[in-house]
Student: 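There's a structure below that I have some questions on.
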Amino acid sequence: MSLTLDTYRLLGRSGLRVSPLALGAATFGTEWGWGAEQDEARKLFDLYVERGGNFIDTANTYTNGSSERLLGEFTRDNRESLVLATKYTTLRRPGDPNSGGSHRKSLFASVESSLRQLNTDYIDLLYLHVWDSTTPVEEILRGMDDLVRQGKVLYVAISNAPAWQVSRMQAIADLRGWSPLVALQIEYNLIERTGERDLIPMAREMGLGVIPYSPLAGGVLTGKYRRADLTATNVASGDGTRKSFNSALGTVTERNLAIADVLKDVAAELGRTSAQTGLAWTLRNPAVTAPIIGARTPAQLEDNLGALEIDFTAAHLARLDEAGAIPLGFPHDVLASDHIRKVTAGDLKLEARR
């Protein structure tokens with residue numbers, strides 16, 4: 001069924017309504033070597049909002065703070081109608097160990113900085129950005145809950161953390177009456193599907209809406225990379241380009257290019273672009289609330305929005321699922337086997353849980 005940006009969805013266990021595609025603002029600013037200058041970023045923002053989009057994603061250190069500052073300018077006239085999501089934990093001042101991390105000092109200072117940069121009195125959705133493996137979960141949850149009670153944050157969420165820690169935190173929040181986590185941000189796309197093992201099922205069970213970032217695998221799924229890029233010197237040189245960045249992450253591989261080829265073929269049969277088709281595949285997962293699109297130009301954003309109109313055939317979905325499939329591993333593969341089903345349920349006809 002075709003969607004539009006104003007076909008709003010509930011975010012996790014909350015009553016917050018958000019668009020089915022979030023606008024990523026990590027491209028607002030050019031400090032990282034790519035991205036959009038202020039005027040171009042404004043065009044992206046205006047196009048998204050004019051189409052009915054209300055869900056915008058940033059972080060305290062994206063483009064060295066320019067992302068939040070530009071959003072603070074762009075949202076002066078329509079702040080109340082938007083859902084602004086930002087994040088904390090990445091280092092804000094090199095050399096100051098307490099300017100980053102998940103702990104209370106970092107949390108409160110980061111939120112105050114984000115409020116100033118975003119030119120707002122409150123943050124709609126605050127993510128813990130990166131798990132630091134040192135801060136006690138009770139300290140994180142209590143700090144988040146204090147900010148919610150102060151009215152500086154409305155909802156809290158988490159990103160880049162182990163599934164067992166997230167589920168543990170949600171259980172503690174429920175038992176102590178603290179603000180629950182309502183969203184989980186993870187990398188998820190046709191190439192990176194390891195979240196299907198534990199993170200995505202956990203999120204559905206615990207009431208967190210999944211917000212995939214890099215739904216096009218840093219551009220690899222758009223079809224712009226070729227086999228020559230596997231060995232190209234400009235890709236591996238660390239020259240500050242997006243290609244160099246993806247190479248450093250290990251995203252440009254033979255396996256990933258083969259998946260992109262299958263996506264390209266399916267897109268051609270649908271009369272769509274690879275970017276639209278890759279985004280639409282991510283949207284098909286019932287646990288996914290809103291993938292984050294990170295366009296750098298209005299033309300790219302226009303193309304990305306076309307993903308909302310795509311309807312797949314069963315055959316197309318099967319080809320895409322097979323192309324990027326991963327083994328789920330133990331215990332998932334064992335529990336899904338016919339033998340286990342027989343010894344646990346016999347011949348009983350049980351309705352599949354949705």
Side-chain angles (χ1 to χ4, degrees), residues 3-25 48-49 52-59 71 75 78-89 102 107 110-111 114-115 118 120-129 137 140-161 163 165-186 188 195 199-213 215 282-283 285-293 354:
L3 302 171
T4 58
L5 283 178
D6 57 1
T7 308
Y8 302 115
R9 298 173 162 189
L10 294 179
L11 181 59
R13 62 163 69 178
S14 78
L16 188 64
R17 284 86 163 170
V18 298
S19 295
L21 287 175
L23 178 63
Y48 177 77
V49 173
N54 75 341
F55 193 17
I56 302 176
D57 182 88
T58 185
L71 282 175
T75 60
N78 57 355
R79 171 67 186 93
E80 287 297 314
S81 64
L82 300 173
V83 176
L84 294 184
T86 192
K87 311 176 188 74
Y88 89 101
T89 61
S102 302
L107 168 60
S110 180
V111 165
S114 289
L115 290 173
L118 289 168
T120 186
D121 295 327
Y122 67 95
I123 294 164
D124 294 287
L125 182 67
L126 177 70
Y127 289 94
L128 184 155
H129 198 168
V137 295
I140 298 168
L141 290 166
R142 179 58 189 271
M144 286 181 159
D145 187 65
D146 285 345
L147 288 168
V148 171
R149 293 176 187 272
Q150 292 171 15
K152 295 181 179 180
V153 171
L154 302 188
Y155 298 94
V156 294
I158 194 164
S159 175
N160 300 311
Q165 286 284 21
V166 179
S167 59
R168 175 184 174 219
M169 291 173 73
Q170 194 74 316
I172 291 172
D174 285 345
L175 288 170
R176 298 195 177 180
W178 292 340
S179 300
L181 303 168
V182 301
L184 172 72
Q185 193 170 130
I186 61 171
Y188 183 57
L199 284 162
I200 292 176
M202 178 276 301
R204 291 194 73 184
E205 187 73 19
M206 305 299 289
L208 289 80
V210 176
I211 311 296
Y213 68 83
T282 306
L283 271 167
N285 191 313
V288 168
T289 301
I292 300 170
I293 50 178
R354 294 184 179 180

Student: Which residues pass the side-chain contact (heavy atoms from CB on, under 4.5 Å) test with Val148, sequence neighbours left out?
Tutor: Val153, Val156, Ser179
Student: Taking the side chain as C-beta and beyond, is there a heavy-atom pair between Ser167 and Glu205 under 4.5 Å?
Tutor: no
Student: Take Tyr188 and Ile200 through the side chain to side chain contact (heavy atoms under 4.5 Å, CB included) test and state the conclusion after the steps.
Tutor: CA-CA 10 Å; Tyr188 183 57; Ile200 292 176; 3.8 Å; yes
Student: Arg149: which residues meet the salt bridge (charged side-chain N to carboxylate O under 4.0 Å, His left out) condition with it, sequence neighbours left out?
Tutor: Asp145
Student: Apply the side-chain contact (heavy atoms from CB on, under 4.5 Å) test between Val166 and each candidate in Val137, Leu128, Ile186, Leu208; give the one that qualifies.
Tutor: Leu208
Student: Which atom names give the shortest non-hydrogen contact between Ala161 and Leu199, and what distance separates them?
Tutor: O-CD2, 3.4 Å
Student: Over all heavy atoms of both residues, which pair between Ala290 and Ala22 is shortest? Give the atoms and the distance, please.
Tutor: CB-N, 4.1 Å
Student: If you measure from CD on Glu80 to OG1 on Thr75, what distance do you get to the nearest 0.5 Å?
Tutor: 10.5 Å
Student: Measure across Pro291 and Leu283 and return the closest heavy-atom pair with its distance rounded to 0.1 Å.
Tutor: CD-CD2, 3.6 Å
Student: Once you round to the nearest 0.5 Å, how far does CE of Met169 lie from CE of Met144?
Tutor: 6.0 Å
Student: What heavy-atom pair brings Ile56 and Ala25 nearest, and what distance separates the two atoms?
Tutor: CG2-CB, 4.5 Å
Student: Less than 4.5 Å apart, any side-chain heavy atom of Arg9 and any of Leu3?
Tutor: yes
Student: Do Tyr88 and Ser102 make a side-chain contact, defined as non-hydrogen atoms from C-beta onward lying under 4.5 Å apart?
Tutor: yes
Student: Once side-chain hydrogen bond (donor to acceptor under 3.5 Å, both in side chains) is applied, do any residues pair with Thr282, and if so which ones, sequence neighbours excluded?
Tutor: none
Student: Does NZ or CZ of Arg79 fall inside the cone over Tyr122's six-membered ring, less than 6.0 Å from its centre and within 45° of the axis?
Tutor: yes
Student: Is there a side-chain contact between Gln185 and Lys87 (heavy atoms, below 4.5 Å)?
Tutor: yes
Student: For a 4.5 angstrom cut-off between non-hydrogen side-chain atoms, does Leu11 reach Ile211?
Tutor: yes
Student: Could you list the residues that satisfy side-chain hydrogen bond (donor to acceptor under 3.5 Å, both in side chains) with Gln165, not counting sequence neighbours?
Tutor: Arg168
Student: Any side-chain heavy atom of Leu126 sitting closer than 4.5 Å to one from Thr86?
Tutor: yes
Student: Do the side chains of Leu5 and Tyr48 get nearer than 4.5 Å, heavy atoms only?
Tutor: yes
Student: Walk me through whether Tyr213 and Asp57 qualify under side chain to side chain donor-acceptor pair (under 3.5 Å).
Tutor: CA-CA 10 Å; Tyr213 68 83; Asp57 182 88; over 6 Å; no
Student: Between Asn160 and His129, is the side chain to side chain contact (heavy atoms under 4.5 Å, CB included) condition met? List the steps.
Tutor: CA-CA 7 Å; Asn160 300 311; His129 198 168; 3.9 Å; yes
Student: Passes side chain to side chain contact (heavy atoms under 4.5 Å, CB included), Leu154 versus Leu125? Steps please.
Tutor: CA-CA 6 Å; Leu154 302 188; Leu125 182 67; over 6 Å; no
Student: Who are the side-chain hydrogen bond (donor to acceptor under 3.5 Å, both in side chains) partners of Arg176, not counting sequence neighbours?
Tutor: none
Student: Could you walk me through whether Leu115 and Asp121 pass side chain to side chain contact (heavy atoms under 4.5 Å, CB included), step by step?
Tutor: CA-CA 6 Å; Leu115 290 173; Asp121 295 327; 5.9 Å; no
Student: Side chains of Asn54 and Ser81: does their closest heavy-atom pair fall under 4.5 Å?
Tutor: no
Student: Hey, is Asp6 close enough to Arg17 for a salt bridge, meaning N to O under 4.0 Å?
Tutor: no
Student: Could you tell me the separation between the CG atom of Leu147 and the CG atom of Leu107, rounded to the nearest 0.5 Å?
Tutor: 5.0 Å
Student: Identify, with sequence neighbours excluded, every residue that meets side-chain hydrogen bond (donor to acceptor under 3.5 Å, both in side chains) alongside Arg142.
Tutor: Asp146
Student: Grab the two heavy atoms, one from Arg204 and one from Pro286, that are nearest each other, plus how far apart they are.
Tutor: NH1-CG, 3.6 Å
Student: Specify the closest pair of heavy atoms between Gly52 and Ser19, including all atoms of both residues, with the distance to one decimal.
Tutor: O-OG, 3.5 Å
